[in-house]
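Whatever order the structure lists them in is the order used to number ligands and atoms, beginning at 1.
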Amino acid sequence: MCGIVAYTGKLNAQDVILNGLSKLEYRGYDSAGISVISNGEIKSLKRQGKIKILEEALEKNPLKSHIGIGHVRWATHGVPNETNAHPQISMNGKFSLVHNGIIENYLELKNMLEAEGYVFKSQTDTEVIPMLIEKFYEGDLLKAVEKTIGLIRGAYAFAVLSSDEENRLIAVKHSSPLVGGVFEDGIILASDVTSVISHSKKIIYFEEDDIIDVNNGDYTIYNKGKIIDRPFKETKMSLEEASKENYPHFLLKEIHEQGKVLQEGLSIRIKNNKIDLGEGAFSSSDLKKFKKIYAVACGTAYHACLAIKYAMEKLLRLPVTCEVASEFKYEDYFVDENSLVLVVSQSGETADTISAIRKAKDLGATTLSITNVLGSTISRITDRVMYCYCGPEISVASTKAYTSQIIAGYLLAIDMALKLDKISDDEVQKYIEEIKKIPAKIDEILKDEEDYKKIADEIKLAKSIFYTGRGLDFVTAKEGALKLKEISYIHAEAFQAGELKHGPLALIEKDTPVISIATQNHTMEKTASNNEELMARGAKVYALGFKENNLLKASSLEFIGIPKTIDLFAPILAVVPLQVIAYYTSALLGNDVDKPRNLAKSVTVE
Ligand code: F6R
């Protein structure tokens with residue numbers, strides 16, 4: 001996730017900024033850069049890779065100044081390289097800017113600026129901001145910034161310098177975080193308190209649409225044209241606590257981030273109520289070629305494939321074969337030049353998935369990846385790529401990547417179906433309307449966190465826990481079971497609800513916990529009967545379904561109600577309580593939640 005730091009004061013800006021950036025490292029990044037004003041000019045240095053590399057370059061070419069801005073970048077628009085790294089500089093070289101967030105209407109602004117003769121160097125959305133500031137600048141940076149933010153749409157926190165105003169820096173906060181600290185040696189602004197607390201424990205938390213004008217060692221905060229005051233709040237957080245934003249573990253933070261990151265991802269993928277898949281989009285003639293579709297991945301990403309298969313088969317009326325990547329390489333599938341092989345991978349570096357892609361390519365298939373890491377091996381070796389845009393996932397157990405993978409795959413399915421005339425524009429609009437409501441519904445689900453914690457407390461000492469469901473609910477059951485087993489170390493297994501009586505029912509003893517997922521209307525009654533069968537054999541059934549489902553309430557010990565959505569989208573919501581239950585089970589058992597035993601975040605061996 002991108003992070004910004006800005007400083008002006010008595011200390012050497014380069015040192016304060018590098019230190020501030022190093023405290024943002026935990027957020028994940030792929031490049032870093034810094035700008036200062038020195039002798040009336042903007043001087044910058046950017047490097048791809050770790051902050052260490054930037055630091056070494058700065059040792060050779062130090063940038064001495066009392067004022068500067070810095071950035072760590074997690075690529076969203078444009079691959080990770082020096083040109084796309086921030087700071088982004090305006091065409092005349094006089095304005096340097098660092099940005100955290102996404103400018104949704106950047107293309108439209110870029111086209112407008114290019115028509116006026118502005119020449120862009122990077123592939124970033126950010127570059128439009130310094131260009132607009134240059135366009136509007138008439139000797140007052142604040143006025144130029146105000147005009148600029150009147151045009152840009154999206155989420156942003158940015159800080160900007162102008163070489164014409166050597167003692168001034170301006171920052172703006174709109175839907176992306178920004179905090180500040182004022183201390184004896186200067187003023188520091190940053191994306192996150194981690195960069196501020198080594199200088200000051202008194203933090204200003206800027207609010208929506210604050211503009212901070214730091215001028216000659218003093219600062220003024222404007223909001224909607226008025227000067228306002230923001231209080232300092234004393235923080236007792238340690239650096240470690242601050243990087244988790246007050247959550248005890250990254251996993252819980254990432255579960256809670258889902259609403260926000262899915263919302264951001266949707267704002268990139270849906271423009272003016274139309275799906276825009278960027279580099280992932282196929283034309284209708286490309287699509288007509290595909291006679292077979294394969295979806296290949298490992299672990300949680302494989303479960304995302306299972307959900308995507310449902311969406312594709314429903315919307316495209318084409319069979320989709322899902323396979324785990326470690327099998328795909330060795331087995332003899334019917335892959336050929338008329339096949340589309342879709343691979344899903346959070347890290348983009350999973351060795352099994354990479355081997356599967358190589359095999360698919362050898363067989364002449366077209367490959368498309370859904371991945372979260374720009375510039376990763378998988379993004380480079382597949383023919384097309386769609387990014388998840390969910391920000392770095394630090395906890396080993398995957399949560400926000402899963403929900404964002406399903407959304408990406410669903411949007412792909414809808415786009416393909418429309419281009420192949422399998423669904424109408426009106427149907428697409430209905431899906432878009434519904435998918436846009438998903439982030440808020442996730443936030444609503446998370447309000448019931450205490451109820452899920454109670455369930456975790458009830459199940460934490462169980463020997464085995466079973467998850468059941470049919471169809472798409474079985475996909476959620478599999479993901480719920482994987483989440484629980486990997487972080488709680490309790491044996492957890494998913495069964496198709498209808499299969500129980502063909503064997504697994506023998507495992508049910510008195511008080512065996514069973515989490516039964518039933519969101520799909522066409523199988524609801526059957527699953528409710530299966531729940532009765534389970535309870536008759538002593539199982540403690542926790543039923544998960546849409547709110548106000550009296551049938552499920554009656555056929556379970558406890559009911560977990562989630563907001564209603566269309567059946568196809570249910571897995572994106574239904575998994576959230578299961579993530580929270582897994583989290584609390586692990587935490588209550590005192591496990592190392594973020595780094596479960598024997599597992600690694602990126603599995604680079606086969
Ligand atoms: C489970 C988990 C793993 C990964 C799997 C694939 O929580 O994190 O099952 O989903 O190792 O990893 P990626 O998506 O990076 O290819």
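Residues T403 and Q258 bring a donor and an acceptor atom of their side chains to less than 3.5 Å of each other. No side-chain donor from either of Q48 and N81 sits under 3.5 Å from a side-chain acceptor of the other.
In terms of protein heavy-atom proximity, atom 11 (O) of ligand 1 is closest to V603 CG2, 4.0 Å. The nearest protein atom to atom 5 (C) of ligand 1, hydrogens excluded, is given as C298 O, 3.6 Å; this is a heavy-atom distance. The closest protein non-hydrogen atom to atom 7 (O) of ligand 1 is E486 OE2, 2.5 Å. Here the protein heavy atom with the shortest distance to atom 14 (O) of ligand 1 is Q346 N, 2.6 Å. Among all non-hydrogen protein atoms, the one lying nearest atom 15 (O) of ligand 1 is S347 OG, 2.6 Å. Nearest non-hydrogen protein atom to atom 8 (O) of ligand 1 is V396 O, 3.2 Å. Scanning the protein heavy atoms around atom 2 (C) of ligand 1, the nearest turns out to be T300 OG1, 3.9 Å.
Listed by number with element, the atoms of ligand 1 under 4.0 angstrom from any heavy atom of A397 are 7 (O). In the vicinity of S345, heavy-atom distances shorter than 4.0 Å reach the ligand 1 atoms 13 (P), 14 (O), 15 (O), 16 (O). Below 4.0 Å from some heavy atom of G299 lie the following atoms of ligand 1, by number and element: 9 (O). For ligand 1, the atoms closer than 4.0 angstrom to any heavy atom of A301 are 10 (O), 14 (O).
Residue T350 places at least one N or O, backbone or side chain, under 3.5 Å from an N or O of ligand 1. The N/O atoms of T353, backbone and side chain alike, include none that comes under 3.5 Å of an N/O atom in ligand 1.
Using modelled atom types, one side-chain atom of T367 and one backbone atom of D383 make a donor-acceptor pair closer than 3.5 Å.
The number of heavy-atom neighbours closer than 6.0 Å to NZ of K314, taken from other residues, nucleotides and ligands shown, is 12 or below. By the neighbour-count criterion of 12 heavy atoms within 6.0 Å, atom NZ of K361 is densely surrounded, having more than that number from other residues, nucleotides or ligands. By the neighbour-count criterion of 12 heavy atoms within 6.0 Å, atom NZ of K291 is densely surrounded, having more than that number from other residues, nucleotides or ligands.
Both tests hold for K50 against Y29: distance to the six-membered ring centre under 6.0 Å, angle to the ring axis within 45°. Annotation: cation-pi pair R597/Y489 present, NZ/CZ under 6.0 Å from the ring centroid and within 45° of its normal.
Taking 4.0 Å as the cut-off, K483 counts as a neighbour of ligand 1 on heavy-atom distance.
Aromatic ring centres of F474 and F495 lie farther apart than the 6.0 Å criterion allows.
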